[in-house]
Amino acid sequence: MQGKGSAVEAVPVIEIFSSIQGEGPYVGCRHLFIRFAGCNLSCAYCDTSRAVPGNCRVEVRPGTRRFVHLPNPLTPEEVGVLVSGMNPAGHHAVSLTGGEPLLYPGFLGELIPFLRGARRGIYLETNGTLDEALAQVVKLVDVVAMDVKLPTATGMRPFWEEHRRFLAAAQGKKVVVKAVVTRETPVEEVLAAAEMAQEAKAILVLQPVTARDPGRRPAPAQLLYLQSRALEVAKDVRVIPQVHRLCGML
Ligand code: SF4
């Protein structure tokens, strides 16, 4: 993919839209989302298609699910112009999400300067495994919202070392740590996430998995037990489900 007049390659973007932040401690805040295609992981609960979309869809009016479609890939300038026409000042933050946005650090380095104007700046949502990519853009980001990937939830190997390096690269930033939990999640995995969050002086969010199979969702007593145990090692532990889905929003 060659950039159209840009110093960096154009990249595939799934969608650009304005909605509420549906996860984490800023739930309910109005965010402008740029959802990048592609990811280096493959979590069992992932709700993002792995196929690279031929078009980026841009919602024309928030909440209507009416879109214009722009051919992928897009340059930083193209994304920047689109977003600046969507009233960033009326938003709490511009959220870079995915997929995994840190697959494209060079692109982000050129894009983020176009995205100024949101009240609290740039909110990066990431799987917390690409520390070198984070180091390239961390100065441009205001909040790093990082997943800790628990192996029983993802069905993958643990990423403890990658997460530790990532948190080291995020030092000095406001950090939020989120862990998706399922009915199978053992307390040991949550305690490991809580230790990391505490070291990083971050809020830990336990997010019950949003699964079609109700059998995967943690039971209420299990969630409250995991929260209590995590509070033994971390100062601020919150249980927050995905809220945008309850409202039928993107
Ligand atoms: S890190 Fe996120 S985007 Fe990537 S596979 Fe896991 S849930 Fe999906």
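Both ligands and their constituent atoms are indexed starting at 1 by order of listing. What you see is a predicted model, and the numbers here were worked out from it, not measured in a lab. Side chains are part of it too, since the values below use all heavy atoms of this structure and drop only hydrogens, waters and symmetry mates.
Between the NE2 atom of His92 and the CD atom of Gln21 there is a distance of 9.0 Å, given to the nearest 0.5 Å. The CZ atom of Phe67 sits 12.5 Å away from the CG atom of Asn55 when rounded to the nearest 0.5 Å. Within the model, atoms CD of Glu100 and CG of Asn127 stand 4.0 Å from one another, a figure rounded to the nearest 0.5 Å.
Atom numbering of ligand 1 starts at 1 in the shown order; those under 4.0 Å from a heavy atom of Asn127 are 1 (S). Close approach of ligand 1 to Leu41 (heavy-atom distance below 4.0 Å) involves ligand atoms 5 (S).
Of all the heavy atoms of Thr48, none lies under 4.0 Å from any atom of ligand 1, so neither backbone nor side chain is involved.
Among the atoms of Cys39, no N, O or S atom falls under 2.8 Å of atom 8 (Fe) of ligand 1.
Taking each of Arg50, Met156, Lys149, Glu125 in turn, the one with a heavy atom nearest to atom 1 (S) of ligand 1 proves to be Lys149. The closest non-hydrogen atom to atom 6 (Fe) of ligand 1, taken over Cys46, Gly99, Cys43, comes from Cys43.
Although no hydrogens or angles enter the test, the distance criterion places no donor-acceptor pair under 3.5 Å between the side chain of Glu125 and the main chain of Pro101.
Phe17 is not listed as a side-chain neighbour of Leu32, based on a closest heavy-atom distance of 4.5 Å or more.
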